[in-house]
Amino acid sequence: MQIPNEFKCTPVIYAVSGEYQIFVPVSKPTVMWVEIDGKAYYDDSNGILRSDVAVHKMHVPCEVLDRAKKYTVCYRVIIERKPYYSEATDVLRYESEFRPVSGDKIRLYQIADAHNRVEEPIACAQKSGDGLDLLILNGDIPNHSGDVKYFDAIHEIAAGITRGEIPVVFSRGNHDMRGVAAEKLEYYTPTDCGRSYFTFRLGRLWGIVLDAAEDKPDSHIAYGNMNCCHDFRLRETEFIRDVIRRADTEYLADGVEWRIVISHNPFAHTPPEPFNIEVELFGEWAELLRKNVKPHLMLSGHVHDCYVTRRGEVCDDKGIPCPVVVGSRVTEEEYICTRVEISEEKADIFFTDPEGEIHSRDCVIFSEEHYDT
Ligand SMILES: [Fe+2]
């Protein structure tokens with residue numbers, strides 16, 4: 001279906017906790033809702049349809065869209081919004097199919113560190129092989145948050161790859177925290193009630209998105225006293241502990257086959273100064289995950305290189321929670337990201353470029369052996 005003029009791109013279906021958050025960036029004031037199986041899910045503020053927004057957001061329970069496998073975005077373009085007798089167009093509609101994650105194999109693509117690139121990340125995913133089931137946007141998609149307009153790249157990449165027909169998981173990167181609009185990111189991207197860390201469930205896949213926040217101490221001169229990341233991370237430690245307390249409804253829930261960790265920063269690695277922060281706290285995160293959640297795979301970016309870290313290897317400084325795939329090589333000449341194909345016993349990993357060329361590949365065999373420390 002033709003993308004309406006008022007939409008900047010197709011809708012994007014982000015997975016957060018037990019719901020899909022359907023985002024639609026718009027170029028004109030509109031009011032909007034999504035219809036699924038005859039029920040409307042509105043973008044509203046306590047009963048008032050929102051129109052003064054650049055991005056609409058509708059919350060839909062996962063099971064509703066997974067069952068229906070299609071949705072209709074309904075909207076009116078505002079002519080003039082007034083205290084009385086507001087004027088708007090008739091209801092306009094955009095229909096889309098949706099394919100939930102299901103089956104015994106998951107083909108996902110991770111984009112990280114796009115740093116404002118849009119076409120190359122889209123090409124990387126599109127040319128990486130057969131159809132995808134899931135997209136992961138793992139941080140630093142814009143170069144910084146100096147203006148809300150930079151957030152468009154996030155939804156443009158997601159829409160270009162998924163066309164609103166498969167789910168997307170979004171995770172914040174450290175560059176996303178820089179600039180006057182950084183504090184508004186939560187209104188433009190999917191969060192769990194404003195929190196940038198959350199869990200999600202897609203078919204047999206359970207995941208936890210962790211946000212390591214900035215990569216230098218809060219006191220670093222570059223931040224100009226604008227950050228309180230240490231306190232933020234302490235709250236996140238409590239969140240991880242709470243997830244473990246609720247294991248039966250999270251990673252031990254019926255039907256969960258695979259458990260993954262999404263974190264822009266591969267926090268179990270300790271880089272040199274000034275990036276060698278939170279050794280104890282990140283070590284605690286890694287240990288909590290390794291001893292309780294026992295993830296199959298962790299996906300990261302940030303380092304601008306592509307490799308897999310296994311237990312005891314050179315980047316395993318704090319006791320990695322599981323094998324870690326670091327997957328975004330970014331140079332002036334290259335942009336390479338990561339396709340992962342998860343099946344019963346293993347994950348095949350392909351580091352691919354915008355031409356579809358595989359630069360290197362690896363395979364992680366899922367094994368209990370990793371967690372016996
Ligand atoms: Fe980064």
Side-chain angles (χ1 to χ4, degrees), residues 109-118 120-121 124-125 135-147 150-151 153-154 157-158 168-183 185-186 188-191 196-198 208-224 226-230 232-233 236 260-279 281-282 285-286 298-309 315 317-318 320-321 324-332 334-338 340 351:
Y109 203 87
Q110 168 184 271
I111 301 286
D113 304 292
H115 292 290
N116 283 348
R117 293 170 182 80
V118 171
E120 289 152 288
C124 277
L135 173 67
I136 293 175
L137 296 181
N138 203 352
D140 290 2
I141 301 301
N143 202 30
H144 59 72
S145 297
D147 193 303
Y150 298 138
F151 301 150
I154 296 165
I157 291 172
V168 182
V169 173
F170 174 83
S171 130
R172 187 176 71 161
N174 56 311
H175 280 251
D176 302 328
M177 303 184 64
R178 300 173 184 174
V180 291
E183 67 197 56
L185 186 66
E186 65 173 286
Y188 289 80
T189 56
T191 63
S196 56
Y197 47 87
F198 49 84
I208 184 166
V209 173
L210 294 177
D211 184 347
E214 266 297 0
D215 62 352
K216 296 182 280 298
D218 288 341
S219 57
H220 194 278
I221 188 170
Y223 303 145
M226 295 296 127
N227 292 353
C228 56
C229 294
H230 176 66
F232 168 77
R233 295 186 197 102
E236 213 164 338
I260 62 171
V261 181
I262 312 286
S263 172
H264 173 71
N265 186 331
F267 53 80
H269 171 49
T270 306
E273 273 197 60
F275 307 104
N276 56 340
I277 60 169
E278 304 282 22
V279 171
L281 186 146
F282 286 154
W285 288 11
M298 174 163 159
L299 298 177
S300 295
H302 184 56
V303 181
H304 293 199
D305 205 350
C306 295
Y307 55 88
V308 179
T309 303
C315 292
D317 298 304
K318 305 185 187 84
I320 47 173
V324 181
V325 178
V326 173
S328 58
R329 183 175 302 148
V330 187
T331 67
E332 297 238 323
E334 281 184 310
Y335 187 73
I336 297 173
C337 276
T338 310
V340 180
F351 299 118

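Since the model is a prediction, treat every value here as computed from it, not as a measurement. Sequential numbering from 1 along the given sequence is applied to the chain's residues. Both ligands and their constituent atoms are indexed starting at 1 by order of listing.
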* To do: Using a cut-off of 2.8 Å, count how many protein N, O or S atoms are strictly closer to the Fe ion (ligand 1).
  =>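 There are 4 of them.
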
* **Non-hydrogen atoms of Gly146 and Val180 that approach each other most closely** =>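 Taking every non-hydrogen atom into account, O-CG2, 3.3 Å.
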
* Asked: Between Phe232 and Tyr197, is the gap from one ring center to the other below 6.0 Å?
  ->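 Between Phe232 and Tyr197, the centre distance is under 6.0 Å.
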
* **From His264, Arg233, Arg172, residue fulfilling side chain to side chain donor-acceptor pair (under 3.5 Å) relative to Asp211** =>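 One option only clears the test, and that one is Arg172.
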
* Asked: Is there a donor in the side chain of Asp176 and an acceptor in the side chain of Ser145, or the other way round, less than 3.5 Å apart?
  ->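 Ser145 and Asp176 do not have a side-chain donor-acceptor pair below 3.5 Å.
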
What side-chain donor-acceptor pairs closer than 3.5 Å can you find for residues 265-275, not counting sequence neighbours?
| unit_1 | atom_1 | unit_2 | atom_2 | d |
| --- | --- | --- | --- | --- |
| His269 | ND1 | Asp317 | OD2 | 2.8 |
| Thr270 | OG1 | Lys318 | NZ | 2.9 |

* To do: Kindly indicate, with the supporting measurements, whether the criterion side-chain contact (heavy atoms from CB on, under 4.5 Å) is fulfilled by Tyr223 and Cys229.
  => CA-CA 11 Å; Tyr223 303 145; Cys229 294; over 6 Å; no

